[in-house]
K.L.:
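Would you mind keeping the following structure in view while I ask a few things?
All values below were derived from every heavy atom in this structure, side-chain atoms included, with hydrogens, water molecules and symmetry-related copies excluded. The sequence lines fix the lettering, A, B, ..., with proteins before strands; numbering per chain opens at 1.
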Amino acid sequence: MNEVRVRIAPSPSGNLHIGTARTALFNYLFAKKNNGKFILRIEDTDAERTSQEYVDNIFDSLKALGLNWDEGPDVGGDYGPYTQSERFDIYPKYVQKLLDSGFAYECFCTPEELEAEKEEATKNKQAYVYSKKCENLTEEEKAKFRAEGRKPAIRFNVSKAQKAFHDSSILEFDDLVKGKLHVDTNLIGDFVIMKSNGAPTYNYAVVIDDALMKISHVIRGEDHISNTYKQILIFEALGFEVPKFGHLGMILAPDRSKLSKRHGATAVSDFVEQGYLTDALLNFVALLGWAPSDGQEIKTVDEIAQDFRINEISSSNSIFEYDKLKWMNSHYIKMLPIEELKEKLKKYLTKYDLSSMTDAKYTRMIEITYEPLTLLSDITDAVTYFFGGDDVELDEKAKENIETELSQDVLRTFVEQAETWEWTEENLHEKLEKFRGDFKEQKGYKPKFTMWAIRAAITGRLCGADMTAILAILGKEHSLNRAKKCILSNVK
RNA sequence: AGCGGUAUCGUCUAGUGGUUAGGACGGGAGAUUCUCAUUCUCCAAACAGGGGUUCAAUUCCCCUUACCGCCGCCA
């Protein structure tokens, strides 16, 4: 049995898209499950849209996701180079083979001529298929075009390849996820494999690379289905073994359009920047099309790989539901070991002076605030009242609350009694419990209201983390000063 | 227009020729908690439509509809 070799072949014309990440994941899973190799290839044949910045982003994102490749531009391998622009000397050789065997021919048509053909087709409501005008040019005619300064593009002769390798004009292949797929090759025009400037086209370069890199399974988005037929024909014309193909449904935005920035983040690096955990991202994206056999959706990549069967992937499109991703992210945040969480969160706490806080206090602060986080970045707002010393900004609801007579009563009593309290969390816990118990008993204040007064004065908000711990972390002085500042002299 | 693909709660999906069609997110109700959140319990929510085949179809076949993709000297 041949070795399983799969690849992800992103084009560096943008940051690594979440859809590409999903395709990469499925390739990775397939490789893992089958003890195969996962290969990264950079498809940068279109120099104008390509940049090193994007190449770096693709590397970094894939690494962050833990989708490590066995062969690639940086790590090398036996079938390099793994960057298309470094393979430009390879492509002409096989074009020549195709030319020699008659599966390709030179085309001297100008863009204007081609445009005219297309217009004609649309006018007649026909699908456009190249006319094959240049298929049988004589040497004299070619020489004449050359004399005019025209540079030929090379076209692949579809009908010739079809007749050479297939009985019928219907070309069929067995897709790993979609089952049997077919098309009438008469509908495929002779397409360009080498541009007049000498650069290979995508459909051609992909075949050469996949063949030379011994790719056994091509797993990609279903937008490539129609390319597959062309590619199969090239594989055959060159005498290469045709790999197996598997096409995944697309990821759509909630409004069923293409996922774009206006829906939120689309690049993996954007998600990370916003405070998503890569593990959550990966787990979520795996669930788009794949379902665990035991119904347990939270899974590590290794667990998913064990349970992964490419033919069981749903072949329909799926919608990217940010709500579920958020839920998953908060779930992953809760599962993170506290030490790791402390480190990851620091990135979002740069506006605060953490050096003024002991590690024990910092740890405790994170312990009591991390639970409600949806995004790591939510921590920024969640801890603001731990800083600022004697001052804290009150929001509208807190202000309103402070101004009630009940709250004033609570605060006056609090300041008076707390002055003598020993300021440790255990003791505060005990004292506060008794404190609100007393108010309940003596004045009928619900514990909730008693605590609201203190919370409003100390944190400036009506909701937040455990009040006892907040007081302990803030310290006696700051706590009492904040409370004192909220005691108003004239309240009716 | 043509060609190809897809169709189970709002969303991601499980599932079967005979099931109370299952789970998750989201939504609703309740319990717990000093608040918010968490957690827990419960509830509502789906087989696109029409024809066949069959004793029986959500499941198999056909048509319609809807949606997606492709029709580049882009990748």
K.L.:
NA contact type, Thr201(A), heavy-atom cut-off 4.0 Å: base, sugar-phosphate, or nothing?
P.N.:
sugar-phosphate
K.L.:
When all nucleic acid strands are considered with a 4.0 Å heavy-atom cut-off, which category describes Leu462(A): base, sugar-phosphate, or nothing?
P.N.:
base
K.L.:
Looking only at side-chain N and O atoms, does Thr450(A) come under 4.0 Å of OP1 or OP2 in C34(B)?
P.N.:
no
K.L.:
Looking at every strand, decide which applies to Arg256(A) at a 4.0 Å heavy-atom threshold: base, sugar-phosphate, or nothing.
P.N.:
sugar-phosphate
K.L.:
Contact class for Asn227(A) (heavy atom, under 4.0 Å): base, sugar-phosphate, or nothing?
P.N.:
base
K.L.:
How far does the C1' atom of C67(B) sit from the matching atom of U53(B), given to the nearest Å?
P.N.:
28 Å
K.L.:
Assess whether one donor atom and one acceptor atom, taken from the side chain of Asn197(A) and the base of C73(B), lie less than 3.5 Å apart.
P.N.:
no
K.L.:
Heavy atoms only, 4.0 Å cut-off, all strands: where does Leu325(A) land among base, sugar-phosphate and nothing?
P.N.:
nothing
K.L.:
Does a donor on one side chain and an acceptor on the other come within less than 3.5 Å for Asp409(A) and Tyr445(A)?
P.N.:
yes
K.L.:
Distance only, no hydrogens: is a donor on one side chain within 3.5 Å (strictly under) of an acceptor on the other, for Asn203(A) and Thr201(A)?
P.N.:
no
K.L.:
Check whether the side chains of Asn57(A) and Glu53(A) place a donor and an acceptor atom closer than 3.5 Å, and report yes or no.
P.N.:
no
K.L.:
Give Lys118(A) one of three labels, base, sugar-phosphate or nothing, depending on what nucleic acid heavy atoms sit under 4.0 Å from its own.
P.N.:
sugar-phosphate
K.L.:
Determine the contact category for Ala153(A): base if any of its heavy atoms lies under 4.0 Å from a base atom, sugar-phosphate if only primed atoms, P, OP1 or OP2 are that close, otherwise nothing.
P.N.:
base
K.L.:
Just to be sure I understand the rule, does Glu297(A) reach a base, reach only the sugar-phosphate, or reach nothing, if contact means heavy atoms closer than 4.0 Å?
P.N.:
base
K.L.:
Checking all strands, does Asp466(A) fall into the base, sugar-phosphate, or nothing category for heavy-atom contacts under 4.0 angstrom?
P.N.:
base
K.L.:
Under 4.0 Å between any heavy atoms, over every strand shown, what does Ala465(A) touch: base, sugar-phosphate, or nothing? Just pick one.
P.N.:
base
K.L.:
Contact class for Glu371(A) vs. all strands (heavy atom < 4.0 Å): base, sugar-phosphate, or nothing?
P.N.:
base
K.L.:
Does the structure show a Watson-Crick or G-U wobble partner for A56(B), both distances under 3.5 Å? Name it, or say none.
P.N.:
none
K.L.:
Taking everything shown except Lys334(A) itself, do over 12 heavy atoms lie less than 6.0 Å from its NZ?
P.N.:
yes
K.L.:
Using the C1' atom on both, measure G49(B) against U65(B) and round to a whole Å.
P.N.:
7 Å
K.L.:
What do you reckon, is NZ of Lys299(A) surrounded by more than 12 foreign heavy atoms closer than 6.0 Å?
P.N.:
yes
K.L.:
Can any side-chain N or O of Asp190(A) pair as donor or acceptor with the backbone N or O of Arg155(A) at less than 3.5 Å?
P.N.:
no
K.L.:
Mind checking the P distance from C62(B) to G5(B)? Whole angstroms is fine.
P.N.:
11 Å
K.L.:
Would you indicate what His224(A) reaches in the nucleic acid, counting non-hydrogen atoms under 4.0 angstrom: base, sugar-phosphate, or nothing?
P.N.:
base
K.L.:
Is there a Watson-Crick or G-U wobble partner for C40(B) with both distances under 3.5 Å, and if so, which one is it?
P.N.:
G30(B)
K.L.:
For Gly189(A), which contact category applies under a 4.0 Å heavy-atom criterion: base, sugar-phosphate, or nothing?
P.N.:
nothing
K.L.:
Could you work out the separation of C12(B) and C47(B) based on their P atoms and round it to a whole Å?
P.N.:
16 Å
